[in-house]
Amino acid sequence: MSRSERKWDHIRLALKNRQNRSTVFDDIKFIHQSLPNINVTDVRLDHSIGELSLSSPIFINAMTGGGGEKTYQINKELAMAAKLTGLAMAVGSQMSAIKDKGERYTYEIVRKENPQGIIIANLGSEATVENAKIAINMIEANALQIHLNVIQELTMPEGDRDFSGAIKRIETIVKAVDVPVFVKEVGFGMTKETVKTLSQVGVAGVDIGGSGGTNFAEIENKRREKSFSFFNGWGIPTPISIIEAALNTDKISIIGSGGFLTGHDIAKGIAMGANAIGMAGFFLRILVENGLDALQKEIETLHNELTMIMTALGAKNISDLKKVPLIISGETYHWLNQRGIDTKQYSCRSIK
């Protein structure tokens, strides 16, 4: 199977792979504020991650490209949605377009449709400095996302098997390019130790990509003759991974992704320590099944839900939302306790 065919195979299977929102989101509860002392019009959603100024904490996360006309059309419409709603957008891995220049148009359309927007390039951890510079220039990117997908590659029949030297390659790219570099896990979460290691080599931020969203182990297992079923339930749930990662938040930005479906989920993700929330499979399904107008309306709904929740909590901005008190229970509480993280720091804090 060619790389281009595999790209569309992933999209097709991702659309069938219904997101299974992690139940650990229910372990996180806001403490009600009877006197929020705020007007809805006081709430601002603009924020920043790394050196990027965003008009919304929500962004369209990496999905596709390099799969011919079908992926071209998806990226075109996602870019249109990003422009209409003010969202930043990351493209899918550009390695296919580096190896086959005939696929570059499927990525370049994003910048053509959204010339003033925040666009993020994307490559795997096998990329070289030369690859990184080509990917950035290809779409005039404002940042570069390097994805880590060990479990997907191991499950993929034709996937990589050598993951040595990744941190050194990432460090080399960080030092060589002129845009901020973010490192993204692809659906299996990051530990506090991984985030600390990445912080030490100078990355601007991490996207923890926790379990609970599109499950790439399940997708790749459907392409195997003999399933590696043990990987289907692998990974760190998104809320837990955000909290672990946020222990390093004084140095780098934290992006939460993996299973976010509502404004309530997004508010929880930010309150747990994320600076921004990436959404991919949920947006893709709406776009493919219901069209661009429906996607635009859904993004507007998410913004409205987030604004209402922030008003109820007395949070005027994203920085305030990261200070509101939370109660953490269930599996999340036990996991964090086993990892030496005191949850009382979340329940006893306040905006003021």
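Proximity of P325 to Q33: side-chain heavy atoms (C-beta onward) are separated by under 4.5 Å at one or more points. Two residues are said to be in side-chain contact when any heavy atoms from C-beta on lie closer than 4.5 Å; N75 and M89 meet this criterion. The closest side-chain heavy-atom distance from I58 to F260 is not below 4.5 Å. Taking the side chain as every heavy atom from C-beta outward, I236 and W335 approach each other to under 4.5 Å. Contact annotation: the side chain of I318 never approaches that of N275 to less than 4.5 Å [non-hydrogen atoms, C-beta and beyond]. Side-chain contact between T307 and L45 is present, with heavy atoms from C-beta onward closer than 4.5 Å. Two residues are said to be in side-chain contact when any heavy atoms from C-beta on lie closer than 4.5 Å; K192 and K196 fail this criterion. With contacts defined as side-chain heavy-atom distances shorter than 4.5 Å, the pair I167/Q200 does not qualify.
For N137, the CG atom counts as densely surrounded, since its 6.0 Å shell holds more than 12 non-hydrogen atoms of other residues, nucleotides or ligands.
Of the N and O atoms on the side chains of Q296 and E300, at least one donor lies less than 3.5 Å from an acceptor on the other residue. A donor-acceptor contact closer than 3.5 angstrom is absent between the side chains of E218 and N232.
Among all heavy-atom pairs drawn from A276 and I49, the shortest one is CB-CG2, 3.7 Å. Annotation for K268 and D26: closest pair NZ-CA, 4.2 Å, computed over non-hydrogen atoms. Between I351 and L313 the shortest heavy-atom distance is CD1-O, 3.8 Å. Here the closest non-hydrogen pair linking N131 and M95 is OD1-CE, 3.6 Å. Residues A81 and L295 approach most closely at CB-CD2, 3.7 Å, considering heavy atoms. Of all the heavy atoms in G124 and S93, the pair that sits closest is N-OG, 4.4 Å.
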Verdict with supporting geometry, M308 and V40, side-chain contact (heavy atoms from CB on, under 4.5 Å): CA-CA 7 Å; M308 295 302 152; V40 169; 4.2 Å; yes
Q73 and E69: CA distance, side-chain angles, deciding distance, side-chain hydrogen bond (donor to acceptor under 3.5 Å, both in side chains) verdict: CA-CA 6 Å; Q73 191 61 36; E69 194 65 24; over 6 Å; no
CA sep, side-chain torsions, deciding dist, call: N61, F283, side-chain contact (heavy atoms from CB on, under 4.5 Å): CA-CA 9 Å; N61 218 340; F283 285 167; over 6 Å; no
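Under the 4.5 Å side-chain contact rule for hydrophobic residues, F182 and I119 do not share a cluster. Both I254 and I266 are part of a single hydrophobic cluster, where members link through side-chain heavy atoms under 4.5 Å apart. Note: the hydrophobic cluster containing F282 also contains V91 (ILVMFWY, side chain heavy atoms under 4.5 Å, direct or indirect links). In the hydrophobic cluster analysis, where Ile, Leu, Val, Met, Phe, Trp and Tyr join through side-chain heavy atoms closer than 4.5 angstrom, I243 is grouped together with F30. Using a 4.5 Å cut-off between side-chain heavy atoms of Ile, Leu, Val, Met, Phe, Trp and Tyr, with links allowed through other members, V203 and F163 fall into different hydrophobic clusters.
Taking the charged nitrogens against the carboxylate oxygens, R339 and E193 do have a contact shorter than 4.0 Å, which makes a salt bridge. Salt bridge annotation for K133-E130: absent, with no cationic side-chain nitrogen under 4.0 angstrom from a carboxylate oxygen.
The closest donor-acceptor contact from the side chain of T64 to the backbone of G92 lies at 3.5 Å or more, if one exists at all. Remark: the backbone N or O of F188 is not paired with any side-chain donor or acceptor of S211 at under 3.5 angstrom. For the pair R223 (side chain) and P157 (backbone), a donor-acceptor distance under 3.5 Å is absent. A donor-acceptor contact shorter than 3.5 Å is absent between the side chain of T343 and the backbone of I328. Here the side chain of D320 pairs a donor or acceptor atom with the backbone of K316 at under 3.5 angstrom. When atom types are taken as modelled, the side chain of Q94 and the backbone of N122 share a donor-acceptor pair closer than 3.5 angstrom. One N or O on the side chain of S347 and one on the backbone of K344 form a donor-acceptor pair closer than 3.5 Å. Side-chain atoms of R349 come within 3.5 Å of backbone atoms of K322 as a donor-acceptor pair (strictly under, hydrogens ignored). Between the side chain of Q145 and the main chain of V183, no donor-acceptor pair closer than 3.5 Å is present. Of the possible polar contacts, none joining the E158 side chain to the M156 backbone as a donor-acceptor pair under 3.5 Å is found.
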Please set out all donor-acceptor pairs under 3.5 angstrom arising from side-chain atoms of residues 171-180, sequence neighbours excluded.
unit_1: E171; atom_1: OE2; unit_2: K175; atom_2: NZ; d: 3.4
unit_1: T172; atom_1: OG1; unit_2: K168; atom_2: O; d: 2.9

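In this view, D46 and R44 satisfy the salt bridge (Lys or Arg N to Asp or Glu O under 4.0 Å) rule, not counting sequence neighbours.
Here the straight-line distance linking atom OG1 of T128 with atom CG of L123 works out to 8.5 Å at 0.5 Å rounding. Of the inter-residue distances, the one linking K323 atom NZ with L321 atom CG reads 11.0 Å to the nearest 0.5 angstrom. Interatomic distance, Q116 CD to R111 CZ, rounded to the nearest 0.5 Å: 8.0 Å. Atom-to-atom distance recorded for L326:CG and K29:NZ is 11.0 Å, nearest 0.5 angstrom. The distance from the CG atom of N37 to the NZ atom of K352 is 5.0 Å, given to the nearest 0.5 Å. Considering OG of S125 and CD1 of I146, their distance stands at 8.0 Å, rounded to 0.5 Å.
Ring geometry for F228 against F230 counts as parallel: the plane angle stays under 30°, on a 0 to 90° scale with 60° as the upper cut.
Ring-centre distance between Y72 and Y105: below the 6.0 Å cut-off.
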